[in-house]
Every structure is written in structure tokens, then in C-alpha cells.
Number of protein chains: 2
Amino acid sequence: MANIRDIAKHADVSVTTVSRVINAHPYVSDEKRERVQRAMKELGYLRNQQALTLSTGRTQRFVVVLPYMDHPYYGLFVNGLAKAALGKDYRLVMWQTEYRLDQERQALDLLKHREVDGAIVLSHTMTFEEMETYRAYGPISVATVGAPETISSVHVDHYTAFQTGLRVLTEAGYEDVGIVLSRPDSPSSIVRQQAYFDEVASARERWVYSGYLTSEDGKRLVSAFLSEQERPRALFFSSDYVALGFLGEATRSGLQVPHDIAVLGFDGHPIGQAFGLSTMRSPNEDIGRALFEATFQEMTGAPVVQESLTVTYLSGTTL
Amino acid sequence: MANIRDIAKHADVSVTTVSRVINAHPYVSDEKRERVQRAMKELGYLRNQQALTLSTGRTQRFVVVLPYMDHPYYGLFVNGLAKAALGKDYRLVMWQTEYRLDQERQALDLLKHREVDGAIVLSHTMTFEEMETYRAYGPISVATVGAPETISSVHVDHYTAFQTGLRVLTEAGYEDVGIVLSRPDSPSSIVRQQAYFDEVASARERWVYSGYLTSEDGKRLVSAFLSEQERPRALFFSSDYVALGFLGEATRSGLQVPHDIAVLGFDGHPIGQAFGLSTMRSPNEDIGRALFEATFQEMTGAPVVQESLTVTYLSGTTL
DNA sequence: TTGTACGCGTTATCAC
DNA sequence: GTGATAACGCGTACAA
């Protein structure tokens, strides 16, 4: 565990010279550079990242804030993030919040305590107002809509996206459509519901199914659906996983898809293809990549980014 | 961005006293403690984690090494890890390797450079021999079998697990069984195949399907399966996702499951339930939790842990 | 009970 | 080209 001073001593130069060699700075004679490199090799020198971090003030880390690491919905985001981070020699500290406000605060506290250089928030319950109080400690980027101008955002405009999906259903001849949302009062659920009421003539309160987050929830929805006296002819889900949970259980319950009930998912997760799930493909991996870039660039003084990406219909057999 | 020295000045005490207050050490008069706390509040003191880290030599971080963050197989592991880490105020740095040796090396290099306190390796292509060369720099734990005695391991014994699964199939009356493996020469694939040859009378080389990792691979397997002249009566998959990909596509191709082909998965992923997937449940979340604990305890001098957990049959309708 | 002084390992500044 | 030396912000002997 030789440090820079040991190397300096061993090569009979100053620590400054060693530092110059390490960082490939100019003004080092070939001879001394040679000596230093040999000393590093001989003593097995390994630069201590902690010390570097304290000295430079940069951690080379971002914290990624998300509700559940094991929810496949976030998989593609994280994939994009990971790839971008690798290219810039950055590390990702994952922070699972389970939608708990105190956990979101703890995650952003890392910023305050100089434990990370920035934060990438994929989903949050915290208000943007509160989030802005952390902004002074480093760049923050979100994957959600409605961010103030101090916070970078790369997201899908869920109003437009849902509008598009609902029009796909309409054009396919489905008039009585229900929608299946995750947390009822999340910003994305609110605008989705708004799009639904604005777009669908037969839209009605009771065909808004809220609180469906996982494939198990989707499975559970089947019985709720079957108990309706008057059922929609199609269901538009806000997540492929919930849609698949529903699809599997519905089929097992003897429902014919799409004859009895049509299903439209949202995400474009690969596993949906195996089951022929019709879905709206969301460019989540691109979003992950762009979020990383935005956060990274902001550190070098680049302005806040606000970008909205669009979804596309991915045809399947459940519609 | 007041530091400990600013607080000391403002409260008119020494930095030692401030440090004592921060760390709740004894030997501070109530009056000075009061003054320090007020100063911290007034100046908005936030302890700098980088400096603490350099001073104490502990980062409060582990690196988690895994092939793909977005592969649902790792979801439950990571969930267990995240929960355990939260309880101990540790952070998880995720490192995605895509099974690339150089990436595994980079991940473990974090250990050498004092960027993390330990490493948790969920899957690896590196030999244990090489992995041991990193052991001097911190505790390493793996979720795979066959670790040397310097490396902690909490895993499923895939030989026994596969044996159990194969017996489930036998007892259900299936004699002609095929197996579907991930990477052909991974340690787990090798022992799984061994269990297959040892356990199944009709086992044959061509009913070993290798290279199936994702749900898309499972989907792809259907055509390979259909082109066989002599087909097995049941397929035992090494992953629920691959099994589901196969199940979806097979059903869409008109195959009756389990009449034409029975399907047994491996993992116990929630989404399998919606499709009635019969599977072997692996306690991956427990493994994640135990891996964290093992790594953590080792730092305090606890001995290396080697533990093998068992899988259980989870009944479904695909068998 | 309190404070001074130093170490942790690096980079940056400035004089030579 | 080169090298002292001062930061960075904390914990902690050791002295008082």
C-alpha cells in the first residue's frame, strides 16, 4: 500500500514530480519519468481514490434514486445509465426508496455531504419545490415531467403518450376503454387520467383502475374486472408488467384476448413480445443515457436540459 | 459549506470538541456542547463524507458486480442487498459487467483503490484463483458455488437444485426431459448438465439447449424445439424468464402446455405466477441479504461464511 | 474536560 | 524542469 510519498522517496524525486507523472502532466524529464514509473511498478503503487476525491472535490459518482431496483420498469433506464457512466468513468450509487419520502431525502443528502457529484431521480414523491432545495449542492436530473428550470429533465410526456395510445385504441375500433394506473396521485397518473378524460368519449371514473404497480397487481385486477357489471372492451395499462400479469391470469380465467378484452401495454419490455403484447414503446434506455449526460455536462457548466421524448406503437396480437 | 473549523471558531471551542459533539463522545461539558450545536445549526453544518472517509479509511460502500442490471434474475438478489445495506447505512455501487472479464477486473479494482470496502459478486467469468488476488484489499463474497475458503459464499447448490427439479419432473411422469441452460461453460451450467446426465435415464446431448439467457432467447427456442425430429416431453429451464419467453411463444404457436410440452422454470419470479408457471423457487432475496451480512461482518474480523441454500418446488399449471 | 498538532494521500500553487 | 509546502476536512494521540 505504497503511497505517492513512498514512490517519491524510492525514485528520489519530489511528490510533485510523481503526481505529474501520474497525471501525465508536462515538465518532467524523461529520465525522472522513467525512474518514477519503475518505482511505481516495483512498489505496486495504487492511487488512493479517497484522497484524490478529497483533494479535487469530485467523487466521480452519481446517486440514482428509484423506488425499486427489482422492478423491471426501471431496468432499461438503469441500463442506459450504466452504459453512459462506464464511458465517463463514473460510478452509480443506487438508492432504493420504495416511494418513501425519508428515503428520497436520505438519497439527496448524499449530495449535501459531498458523497456524490450529482443525483439522477427516476421517480419521486418529493415535490419539485423541495427537490430544488438540494439543487445548490449539485446537479439534479429527473425522468419525470414538470421539473422547474433549475432541474434537468428527460422524460416522456405522459399526456401525449397516453393520448397517442388511446388513439391507437380508438382507431382499432375500441370505444369503451379503461385505463390502469400505478400510484393514483403520482404526477404521471394525473396527466394520464386527464388525457383519458379529454380523449375518450366513453371515459368514466370507474374504468380508471388505480394502484396497479406490479405483475401481481395485474393478476389481481382480473377478478376486479370480472366483477364489473359493465366492462370496458379494452384496457390501456401504464406498464407492461401489469399488463402481462393481467394477460396471463385473464387467459387462465378463460377470457379471450383480444376478443373479450383487448390489452395495450406501455414500456416495450422484451418479455412482452413473447406473449404478443401490443404496447407503446417508451425509449427508456435513451432516457437513461440522456439523463446521465445531462447531469454530467451540468457539472462543466452546461445549461439545464429539458427534453421530451415520444413513444411509438409496437404492434402485437392483444389488440 | 461550513467545516468543522468554522464551527469551532464560531462556538469558540477547539475542533476536537466539535468532533466530540458530532460523534457523541464523552467529556464535553453541557455548556460547550450546547454552543457547538447552536453553531452547527446557525452555520448549517454538513459533515463532509469524503474527508471522513480519508480519515477513517472506511468508505461505507460495497461494489456489487453483476452481468446485467436490467436482467430480472438479479432483481431479487439486489433487493435483498439493498435492504440489508440500508440497515447498516451502507451504499451500493452497482457495476455491470456484461460478462466481460475486463469489466469484472475494473469492478474489483475499486477495492484496490480504496473506493469501496468490499465486493459482492453475483456472477462472474473470472476464475476464483484470480479473484483471490483481490482478496488482500477487502472482503469478497460471491453468490456462486465453489469459492475457495478465503471468499465468502452464499449460494444455491445448483447440482442438488437441478437434481430436485428433475425428480419433480420424473415423479410427475415425465421421462423424456430436456434442459435449457444459459452460458454453456458457466460453472452452474456445468453442474446442472452433470445432474441431468446423472439423474435422467433418457438424458441425451441434443436435449441440452445452451445459450439461453433472456426471454427473447426463450422465444427463439420454440422454433429450434419444433424442428427436432424427436422431442422431449418436458423442458427444465434454468431461468423463469427464458421459460416464460418459451411459454408465450409456444402457446402462440399452437403448442399445448403441458400436453405437448411441459415447462418447469427456475427462480420463482412473481410474474411467473400470472402465467401459472411451475417453477423451482430460489431464495435469491435471502441470498442477497446474507451476502451483505457476510461481507459486512468480515470487515469486523468475522470468519468467511460458506452457506448453501435449497430450492423448493412451486406448483403451477405448466406441468 | 479541553486543546494543539499531526496524519490520512492527493493535487495545486508558487518559488526556484 | 523541479521541489517545498499549503490546502482539502476530518479523527485522534497526546499534552495540559
Side-chain angles (χ1 to χ4, degrees), chain A residues 1-37 39-40 43-61 89 109-117 137-138, chain B residues 1-37 39-40 43-61 89 109-117 137-138:
Chain A
M1 238 145 31
N3 64 25
I4 200 173
R5 243 180 315 261
D6 298 328
I7 305 301
K9 207 168 293 175
H10 197 263
D12 195 28
V13 296
S14 71
V15 291
T16 310
T17 301
V18 178
S19 178
R20 286 215 180 89
V21 173
I22 292 171
N23 297 290
H25 282 172
Y27 305 126
V28 178
S29 68
D30 288 351
E31 187 230 333
K32 294 208 171 180
R33 182 186 316 279
E34 181 58 42
R35 288 220 308 266
V36 168
Q37 281 165 343
M40 294 200 297
L43 275 63
Y45 173 73
L46 295 166
R47 191 222 239 137
N48 183 319
Q49 181 72 24
Q50 301 173 8
L52 190 158
T53 278
L54 177 61
S55 186
T56 61
R58 284 186 55 174
T59 62
Q60 305 276 102
R61 285 188 295 272
D89 199 27
D109 279 343
L110 297 191
L111 221 45
K112 288 191 175 181
H113 295 288
R114 308 279 148 201
E115 227 178 307
V116 296
D117 295 334
Y137 303 96
Chain B
M1 237 141 38
N3 65 24
I4 199 173
R5 244 181 315 260
D6 298 328
I7 304 301
K9 206 167 293 176
H10 197 263
D12 196 27
V13 296
S14 72
V15 290
T16 311
T17 302
V18 178
S19 178
R20 287 217 179 87
V21 172
I22 293 171
N23 297 290
H25 281 173
Y27 304 126
V28 178
S29 68
D30 288 352
E31 187 229 331
K32 294 206 171 179
R33 181 186 316 279
E34 180 59 39
R35 288 219 307 263
V36 168
Q37 281 164 343
M40 293 200 297
L43 275 63
Y45 174 72
L46 294 166
R47 189 221 237 140
N48 184 317
Q49 180 72 23
Q50 301 173 6
L52 190 157
T53 278
L54 177 60
S55 186
T56 62
R58 283 185 56 174
T59 63
Q60 304 276 103
R61 285 188 294 272
D89 199 25
D109 278 342
L110 298 191
L111 222 45
K112 288 192 174 178
H113 294 287
R114 306 280 149 202
E115 229 178 306
V116 296
D117 295 333
Y137 304 96

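Lettering follows sequence order; numbering is per chain, from 1. It should be emphasised that the depicted structure is a prediction, and the values quoted were computed from it without experimental measurement.
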Please state how far atom [atom1] in [X] lies from atom [atom2] in [N], giving the value in whole angstrom units.
X: A:D6; N: C:dG9; atom1: CG; atom2: C1'; answer: 10 Å
X: A:I7; N: C:dT11; atom1: CD1; atom2: P; answer: 12 Å
X: B:Q50; N: C:dT10; atom1: CD; atom2: C1'; answer: 12 Å
X: A:R58; N: C:dG9; atom1: CZ; atom2: P; answer: 23 Å
X: B:E31; N: C:dT2; atom1: CD; atom2: C1'; answer: 12 Å
X: A:Q60; N: C:dT10; atom1: CD; atom2: C1'; answer: 14 Å
X: A:R35; N: D:dG1; atom1: CZ; atom2: C1'; answer: 13 Å
X: A:Y27; N: C:dC14; atom1: OH; atom2: P; answer: 16 Å

query: Do B:T16 and B:S19 have a side chain donor and acceptor closer than 3.5 Å?
result: no
Pairing residues for B:V15 by the side-chain contact (heavy atoms from CB on, under 4.5 Å) criterion, not counting sequence neighbours: B:I4, B:R5, B:A8
Between the protein and nucleotides 8-11 of chain D, list every N/O to N/O distance that falls short of 3.5 Å.
from, atom 1, to, atom 2, distance (Å)
D:dC10, OP1, B:Y45, OH, 2.6
D:dC10, OP1, B:N48, N, 3.1
D:dC10, OP2, B:I4, N, 2.5
D:dC10, O2, B:S55, OG, 3.2
D:dG11, OP1, B:N23, OD1, 3.4
D:dG11, OP1, B:N23, ND2, 3.2
D:dG11, OP1, B:R47, NH2, 3.3
D:dG11, OP2, B:S19, OG, 3.0
D:dG11, O4', B:S55, OG, 2.9

- request: List for me each residue that meets salt bridge (Lys or Arg N to Asp or Glu O under 4.0 Å) alongside A:R35, sequence neighbours excluded, and say none if there are none.
  value: A:E31
B:D30: salt bridge (Lys or Arg N to Asp or Glu O under 4.0 Å) partners, not counting sequence neighbours: none
Is any side-chain heavy atom of [Y] closer than 4.5 Å to one of [X]?
X: A:V21; Y: A:K32; value: no
X: A:N48; Y: A:N3; value: no
X: A:M40; Y: A:I22; value: yes

statement: Residue set satisfying side-chain hydrogen bond (donor to acceptor under 3.5 Å, both in side chains) with A:T56, at least two apart, ordered chain then number -> none
Atom pairs, protein N/O to nucleotides 13-16 of chain D N/O, distance under 3.5 Å:
none

- request: Using atom types as modelled and distance alone, determine if a side-chain donor or acceptor of B:Q50 lies under 3.5 Å from a backbone N or O of A:R114.
  value: yes
